[in-house]
Amino acid sequence: QVQLVETGGGVVEAGGSLRLSCVVSGRKATMYAMGWFRQPPGKEREFVAGITWAGERTLYGDSVKGRFTISRDDPKKTVYLQMDNLKPEDTATYYCAEAKWDLGTNPDDFDYWGQGTQVTVSL
């Protein structure tokens, strides 16, 4: 069974930085396209960032463009989300996900999900 585990969340002041990590394990030998989503309590899940299987192309949600960077390290089966200049509105549970095939921005485009890591940005 494929498992995704996110780490790196925490509490940070506005303007600060965090780096989230997602380690993929299980039966699959390689990772497909990967994405990060976030979901504040009581709100819908929002696309944050995505990266193609070879890392040649990335996508970002408009609200994080220029502040967040997604990357991947396939030998380590790890995906990262570097978050800089954090804002209070970035507060959410952040989820790592693996795509069904190609990179998309909708949660339905992804097969496997981590349990999430909480990011809280204080004013």
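Keep in mind that the numbers below use all heavy atoms, side chains included, and drop hydrogens, waters and symmetry copies. Residues take their numbers from the sequence shown, with the count starting at 1.
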**Asked** Are Y80 and W36 grouped together when hydrophobic residues (ILVMFWY) are joined by side-chain heavy atoms under 4.5 angstrom apart?
**Response** no
**Q118-T93 side chain donor-acceptor pair, cut-off 3.5 Å** = yes
**Item:** Donor + acceptor pair across side chains of D84, S17 (<3.5 Å)
**Value:** yes
**Asked** Would you say the side-chain atoms of K100 pair up with the backbone N or O of D108, donor to acceptor, closer than 3.5 Å?
**Response** yes
**Asked** Can you list the residues that meet the side chain to side chain donor-acceptor pair (under 3.5 Å) rule with S71, with sequence neighbours excluded?
**Response** none
**Message:** Counting neighbours of CD on E44 that are heavy atoms of other residues, nucleotides or ligands and sit closer than 6.0 Å, is the number greater than 12?
**Reply:** no
**Message:** For the CE atom of M83 and the CG atom of L18, what is their distance to the nearest 0.5 Å?
**Reply:** 4.5 Å
**Complete:** Residues A33 and R72: closest non-hydrogen pair is CA-NH1, 3.9 Å
**Asked** By salt bridge (charged side-chain N to carboxylate O under 4.0 Å, His left out), which residues pair with D109, not counting sequence neighbours?
**Response** none
**Request:** Indicate if V119 and V48 have the same hydrophobic cluster label, given that clusters are the connected sets of ILVMFWY residues with side-chain heavy-atom separations under 4.5 angstrom.
**Result:** yes
**Item:** Any residue meeting side chain to side chain donor-acceptor pair (under 3.5 Å) with Q3, in chain and number order, not counting sequence neighbours
**Value:** none
Without placing hydrogens or testing angles, list every side-chain donor-acceptor pair under 3.5 Å for residues 6-16, not counting sequence neighbours.
residue, atom, partner, partner atom, Å
E6, OE1, Q115, N, 3.1
E6, OE1, G116, N, 2.8
E6, OE2, C96, N, 2.7
E6, OE2, G116, N, 3.4

**Item:** Distance (rounded to the nearest 0.5 Å) between L4 CG and Y112 OH
**Value:** 10.0 Å
**Request:** Locate the shortest heavy-atom distance separating T69 from Y60; write the atom from each residue and the value.
**Result:** CA-OH, 3.3 Å
**Item:** Candidate pair S63 and R38, rule side chain to side chain donor-acceptor pair (under 3.5 Å), full reasoning
**Value:** CA-CA 12 Å; S63 63; R38 66 187 183 186; 3.1 Å; yes
**Message:** Through direct or indirect side-chain contacts below 4.5 angstrom among Ile, Leu, Val, Met, Phe, Trp and Tyr, which residues connect to Y32?
**Reply:** W101
**Message:** Do the side chains of K76 and D74 get close enough for a salt bridge, i.e. N-O under 4.0 angstrom?
**Reply:** no
**Asked** Rounded to the nearest 0.5 Å, what separation is found between the NZ atom of K77 and the SG atom of C22?
**Response** 12.5 Å
**Asked** Going hydrophobic residue to hydrophobic residue with side-chain gaps under 4.5 angstrom, can you get from W53 over to V24?
**Response** no
**Request:** For the pair D90 and R67, evaluate salt bridge (Lys or Arg N to Asp or Glu O under 4.0 Å) and give the outcome as yes or no after the intermediate values.
**Result:** CA-CA 11 Å; D90 295 320; R67 299 188 297 119; 2.7 Å; yes
**Fill in**
Excluding F47, membership of its hydrophobic cluster (Ile, Leu, Val, Met, Phe, Trp, Tyr; side-chain heavy atoms within less than 4.5 Å) reads F37, L59, Y95, L103, F110, W113
